[in-house]
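As structure tokens, the structure follows; a few thoughts come after it.
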2 protein chains.
Amino acid sequence: MSLRLEEIAQEAGVSRSTVSRVLNKEPHVSARARERVLAVTQPLNFHPNATARSLAAGRTRNIGLVIPVAVSSLFTDPYFPLLIQGITSACNTHDYSVMLWLADVEQERQIISKITHSGMVDGVIVASALMDDPMVQVLLEDHIPFVQVGRHPTDERVSYVDVDNYNSAKEVVGYLLRLGYRRVATIAGPHNMIAGHDRRRGYQDALRARGMIPDPALIAEGDFLEDGGFVAMQQLLARARQPGANGLPDAVFVASDMMATGALRALRDAGIRVPGDMAVVGYDDMPFAARTEPPLTTVRQPIHRAGAVAAETLFELIENPNTPPRRIILPTELVIRASTGPGV
Amino acid sequence: MSLRLEEIAQEAGVSRSTVSRVLNKEPHVSARARERVLAVTQPLNFHPNATARSLAAGRTRNIGLVIPVAVSSLFTDPYFPLLIQGITSACNTHDYSVMLWLADVEQERQIISKITHSGMVDGVIVASALMDDPMVQVLLEDHIPFVQVGRHPTDERVSYVDVDNYNSAKEVVGYLLRLGYRRVATIAGPHNMIAGHDRRRGYQDALRARGMIPDPALIAEGDFLEDGGFVAMQQLLARARQPGANGLPDAVFVASDMMATGALRALRDAGIRVPGDMAVVGYDDMPFAARTEPPLTTVRQPIHRAGAVAAETLFELIENPNTPPRRIILPTELVIRASTGPGV
DNA sequence: CTGAAAGCGCTTACAG
DNA sequence: CTGAAAGCGCTTACAG
């Protein structure tokens, strides 16, 4: 169907090897040969067959992006589009392509083993793995270069890029405390996801740092999505109405902006004013966080950049197989808006 | 690194050809040979090298998903994640993989020609092409099987899946008219995107069908995103305040739910009540449409399904090269919620 | 610097 | 039904 190196070689009056060398930008080619080859190759917009090239070279220049099962429902979260944009943008500039797998419950195992055993990709990015995701072990055992978006809690062979969820959460809760809020609740992310876990710990330790004891009644858990935040806030409100309860929280740290919008909606429904009756903080600084009612104080994390850095780190691991595991923490930033008010 | 067919063959006591046949589920293999092969292949979780297989077979079982430049900013729209989920899900069940390209301004040409000339994929899905996207011509000329999500306005060689944007828009505007609204405005999508174009025409013809003449002052254009809807609504309001204007619209058909949330925000800011002062209609029925304030009357379109159908159509085109162009229209549904009120 | 040739790991007529 | 062998279109030592 398409032209082959052979045809180009004939046309240019050189050997197939030389054409290959020119196309791969290898150094030891005479200027003359190079010109001749490019003279026929450029106007034709010729690209060598990627499959044959992969087979011969032993590398595909493809990376896999795997978004595991339990979080694929999270795909309605603007987090993933941003991450994907970052990844594809790095791939474009480094001449890699990305294969996308949204791993489905029953299919996950099967997909992973296909990926790892069939040589479709040179490496893998795992987005938001669960804390106990077995996929990571498979990748490790099979020596597939991979980087995880989100740190691995225990295994230090895992390369990752993440933000400092623990300290950033601690910081923003500290900010609430300094504003004078005293019953600070949290709507945490899933405890089996590392970001959920770390932000929750940050919340707890911020309280402890002030000599306060985290009250389980002030901790609800959501799934990082809007509805989850809505339901979790309703739980918090219901608990506050129980006999013997200590009344409404005066502030809440919500572990994602999506959940925060759900929480705001629950508060609106309940006639509770923000920040007058309750301060609200989110996490992510999604584009919409500046436009919620009221605008959301939140923690900005560089999602697009995390994607790009993850990809670039993966390229490094692929191209230098002896690179030790890379653990990269990207900076966050506290963004103060109206939802936390002036304090009490 | 990995095992090859050769090793499996030796272990199973058959030839490499036979192993290949078993793995490819070809019919003419004796039960005995099949068993022997599977006996060694299954426990090992063996997968033949995808690259070698592609090269030998002349097909990759990969499809490309290309989201062109001008819409890649739209990637913050939940539309794309839903579409992608539909596509990957069909790919999983049909044993295809998807390669993802978000084509960037300068890179688009380059990416397309790499895709079409290097044989990385057997076909391509083009999501939301601009009406004059040159990529389509390239795909056509190079005889690459492809299907577009969104119809092509003129070229009947293009296979696509779409919804009936024109009639569904006409229908929902007709609904507003039957409710008694008389100054019905629209916030249209970009005129260079087919969906924006068609929904706008549907709006205009619904008015004409009632003997009304579309008033340019009642037509604003947005980019399908939240901010675009916000700005467009502000324009509409500003025009209504001009000297000689005929006052506020009493209803507005917004061409996407995202823009509708922006429009609602602009109305809230301006102290205009929905639906009391102005009825608002969206398009898409995104998950959040049921939770806006007030909940949004909208047109439900099956985005996830469109992705799956686009993929399946592409598989058909790939596997039966003589298939004539397929033009598939998926059904929409009018979803009535509070934002249009009981009528006047 | 350059070319002839082996080889990447499969699939698939072809012959039996 | 099965195997030996050619061939897919490249890359890359190897020799010169």
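Since the model is a prediction, treat every value here as computed from it, not as a measurement. Just so it is clear: chains get the letters A, B, ... in the order the sequence lines come, proteins before strands, and each one is counted from 1.
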- request: Classify the angle between the aromatic ring planes of A:Phe315 and A:Tyr96 as parallel (below 30°), tilted (30 to 60°) or perpendicular (above 60°).
  value: parallel
- line: Going 5' to 3' through nucleotides 1-8 of chain D and flagging B where a protein heavy-atom sits under 4.0 Å of the base, S where only the sugar-phosphate is that close, and - otherwise, we get SBBBBBBB
Pairing annotation in dot-bracket form, given for DNA chain C with Watson-Crick or G-U pairs under 3.5 Å and | for cross-strand partners: |||.||||||||.|||
message: Tell me which pairs pass ring pair (Phe, Tyr, Trp, His ring centres under 6.0 Å) where either residue lies in residues 119-147 of chain A, with sequence neighbours left out.
response: none
task: Measure the distance from CZ on B:Arg59 to P on C:dT11 and round it to the nearest whole Å.
output: 12 Å
- line: Whole-Å distance, A:Lys25 NZ to D:dC10 P, equals 16 Å
- prompt: For the pair made of CG in A:Asn24 and P in D:dG9, what is the distance, rounded to whole Å?
  reply: 17 Å
- request: In whole angstrom, give me the gap between the C1' atoms of C:dT12 and C:dG16.
  value: 16 Å
field: Under-4.0 Å side-chain N/O to phosphate OP1/OP2 contact, A:Ser20 with D:dC10
entry: no
task: State which residue, out of A:Thr323, A:Asn320, A:Val121, A:Leu317, fulfils the side-chain contact (heavy atoms from CB on, under 4.5 Å) condition with A:Pro145.
output: A:Leu317
task: Would you check, one step at a time, whether the test side chain to side chain contact (heavy atoms under 4.5 Å, CB included) holds for B:Leu23 with B:Leu5?
output: CA-CA 10 Å; B:Leu23 260 21; B:Leu5 245 43; 3.9 Å; yes
message: Please report the distance, rounded to the nearest Å, between NE2 in B:His47 and P in C:dC10.
response: 12 Å
- line: Taken to the nearest whole Å, CD1/B:Ile8 to P/C:dT11 is 12 Å
- prompt: Of all heavy-atom pairs between B:Leu102 and A:Asn92, which one has the smallest distance, and what is that distance?
  reply: O-ND2, 3.6 Å
Any B:Asn45 side-chain heavy atom under 4.5 Å of B:His47 side chain: yes
message: Quick test of your reading of the model: are A:Arg327 and A:Asp162 salt-bridged, counting only N-O distances below 4.0 Å?
response: no
field: Under-4.0 Å salt bridge between A:Glu7 and A:Arg4
entry: yes
Validation row: B:Val163, B:Pro302 side chains within 4.5 angstrom (heavy atoms): yes
task: Would you mind reading off the distance between B:Leu23 atom CG and C:dT11 atom C1', rounded to a whole angstrom?
output: 12 Å
